[in-house]
2 protein chains.
Amino acid sequence: MSNVIDESGILAIATRLQRLSDTFRKDGQLIYKSFGHDFEPKWFPVVYTLDIKSQLSVVEIANEIGYTHPSTISLLKELEKLKIIHSKKDKSDERKRLISLTEKGKELVAAIKPIWDLLRKTQIEILDTKNNLMKAIEEVEEQLKISSFYDRAEKNKSLMGQKSSD
Amino acid sequence: MSNVIDESGILAIATRLQRLSDTFRKDGQLIYKSFGHDFEPKWFPVVYTLDIKSQLSVVEIANEIGYTHPSTISLLKELEKLKIIHSKKDKSDERKRLISLTEKGKELVAAIKPIWDLLRKTQIEILDTKNNLMKAIEEVEEQLKISSFYDRAEKNKSLMGQKSSD
DNA sequence: TAAAACTACGTAGTTAACTACATAAAATCA
DNA sequence: TGATTTTATGTAGTTAACTACGTAGTTTTA
C-alpha cells in the first residue's frame with residue numbers, strides 16, 4: 001500500500017495506528033450487522049461499563065471509558081434516543097445524572113454478549129503474533145507513564161548537536 | 001485511567017490505538033515547537049515523501065502515504081498556503097497536478113531533519129519493549145492481509161452456537 | 001455564613017480523517 | 001472515430017474524537 005511511509009517507519013506510527021483502529025471499527029460494525037444488530041462499536045465502552053456497574057454518573061462513565069465528558073455525552077445522547085439507556089437526577093446531588101441500562105438495553109446486552117465473545121476470540125487470533133499488539137500497547141502506555149514522549153525527547157536533545165529555542 | 005475498559009481488553013482496542021496515536025501526535029507537535037518550528041506531525045508523510053521523490057501527482061502522493069486523495073488534497077492546500085510546496089500542470093496529461101517542494105520547503109526539510117532523527121530515536125526508545133509495537137503493527141497488518149477481521153469472524157461463527165442473519 | 005473554589009454537566013466549535021458524488025481529460029473499444 | 005470507461009482531481013458533507021467555555025450546584029475557607 002504505502003511505500004515511502006512504511007520505510008520511514010516509526011515516524012508515521014500515529015497514522016498507522018489510526019488506520020488500524022478504523023479497520024477494526026468498520027469490520028466490527030459489519031459483524032454486528034451480520035447478526036442482525038445495528039450496534040455500533042463506539043457504543044461498546046459505555047454499554048459494557050453499564051452492564052457491569054449498573055448505575056453511574058456522566059463523568060464516572062467518562063472516567064471508566066477514558067473519554068472526555070463531552071464525547072461521553074454525545075454517546076449517551078445516541079443511546080438514550082434508542083432507549084438503550086435512561087437517566088435520572090441524583091437526589092443527593094442535583095448536579096448529577098445517574099445513567100443506567102433500560103430493560104431494552106439489558107435485553108440487547110444479553111443478545112450481543114455472544115457476539116462480544118466471537119469478536120474477542122477473532123481479535124485474539126489476529127493479534128496473537130510474535131509481538132503481541134495488545135501487550136505492546138500496554139507496555140508502551142507503561143513507558144509513557146514513566147516519562148512522556150515529550151520529556152524523553154527533551155532529555156535526548158542534549159545528545160544531539162542541536163540548539164533549542166526554549 | 002480507564003478501569004472497566006482496560007479489563008475488557010481487546011474489545012476496546014480501536015479506542016486505545018486512537019488515544020495512543022493522539023498522544024504521539026500532540027507530543028510530536030510540542031517537540032517541533034520547542035525547536036521553534038510550527039511543523040505539524042500530520043504534514044510529515046507528504047513532506048517526507050516529496051523530499052525523497054521530488055515530484056509526484058496528487059494521487060501518487062495519496063498512494064505513497066496511504067491516505068485517500070481528498071485527505072491528501074487538504075494537506076496539500078495547507079502546505080501550498082505556507083509555500084512549502086507548489087504545483088504545476090503536467091503538460092503530457094492535463095488532468096494531473098505535479099507537486100514538489102519549494103525552495104522554502106527544501107530549507108524547512110533541511111532544518112527539521114535533525115528533529116526527525118531525534119523523534120525517531122526517542123520513539124524507538126519508547127517502543128522497544130518486550131513486544132515491539134512497530135513490529136506488532138506490521139504483523140497484524142500482515143494477518144489482516146491474509147484474511148480480514150470480518151472474514152475471520154464469519155469463519156468463527158460456525159464454532160459458536162449462534163445463528164446468523166445472512 | 002458569604003465568598004471563593006471546585007465539580008458536574010452541557011453546548012459550540014474544531015480537527016483530521018473519511019465516503020460519496022461531480023467533472024474533465026485520457027484511454028479503450030466497437 | 002464516436003461512445004464508453006477509466007483516471008485524476010476537486011467539493012461537500014460526515015464522523016468521532018477533541019478543547020474551550022459557560023452555568024449551576026456543592027464544598028471549602030476566611
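Proteins get letters first, then strands, A, B, ... in listed order; numbering begins at 1 in each. Values below: all heavy atoms of this structure, side chains included; hydrogens, waters and symmetry mates excluded.
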[N] OP1/OP2 closer than 4.0 Å to side-chain N/O of [X]:
X: A/S71; N: D/dA16; result: no
X: B/T68; N: C/dC18; result: yes
X: A/R97; N: D/dG25; result: no

- Query: Between B/K113 and B/D51, is there a side-chain N and carboxylate O pair less than 4.0 Å apart?
  - Reply: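 Salt bridge present between B/K113 and B/D51.
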- SB check A/R97 A/E80 (cutoff 4.0 Å):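 Answer for the salt bridge query: yes.
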What is the separation between atom [atom1] on [X] and atom [atom2] on [N], rounded to the nearest whole Å?
X: B/Q29; N: C/dT15; atom1: CD; atom2: P; answer: 10 Å
X: A/D22; N: D/dT14; atom1: CG; atom2: C1'; answer: 13 Å
X: B/I61; N: D/dA8; atom1: CD1; atom2: P; answer: 13 Å
X: B/K26; N: D/dA17; atom1: NZ; atom2: P; answer: 13 Å
X: B/H69; N: C/dA16; atom1: NE2; atom2: P; answer: 19 Å
X: B/E60; N: D/dA8; atom1: CD; atom2: C1'; answer: 10 Å
X: A/N63; N: C/dC9; atom1: CG; atom2: P; answer: 10 Å
X: B/R25; N: C/dT14; atom1: CZ; atom2: C1'; answer: 14 Å

Side-chain touch [X]/[Y], heavy atoms, less than 4.5 angstrom:
X: B/I31; Y: A/K157; answer: no
X: B/T72; Y: B/T68; answer: no
X: A/L56; Y: A/I99; answer: no
X: A/Q143; Y: B/T129; answer: yes

- Query: So A/W116 and A/F44, ring pair (Phe, Tyr, Trp, His ring centres under 6.0 Å) or not? Walk me through it.
  - Reply: CA-CA 9 Å; A/W116 288 350; A/F44 171 77; 5.0 Å; yes
Starting the side chain at C-beta, find the nucleotide from [options] nearest to [X].
X: A/Y67; options: C/dC18, C/dG10, D/dC18; value: D/dC18
X: A/V59; options: D/dA17, C/dC18, C/dA8; value: C/dA8
X: A/L75; options: D/dA17, D/dT9, C/dA8; value: D/dA17
X: B/E40; options: C/dG10, D/dC18, C/dA16; value: C/dA16
X: B/P70; options: C/dG10, C/dC18, D/dT19; value: C/dC18
X: B/K96; options: C/dG10, D/dT19, D/dA8; value: D/dA8

- Heavy atoms under 4.0 Å, any strand shown: does A/S74 hit a base, just sugar-phosphate, or nothing?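 The residue A/S74 makes no contact with any strand.
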- A/I52-A/V59 co-clustered via ILVMFWY side chain contacts under 4.5 Å: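 No, A/I52 and A/V59 fall in different hydrophobic clusters.
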- Query: More 5' along DNA chain C: A/I73 or B/K42, using each one's nearest nucleotide?
  - Reply: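 The residue whose closest nucleotide sits nearer the 5' end is A/I73.
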- Near DNA chain D, under 4.0 Å by heavy atom, which residues of residues 88-95 of chain B?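 The stretch gives B/R95 as the residues lying under 4.0 Å from the strand, ordered by number.
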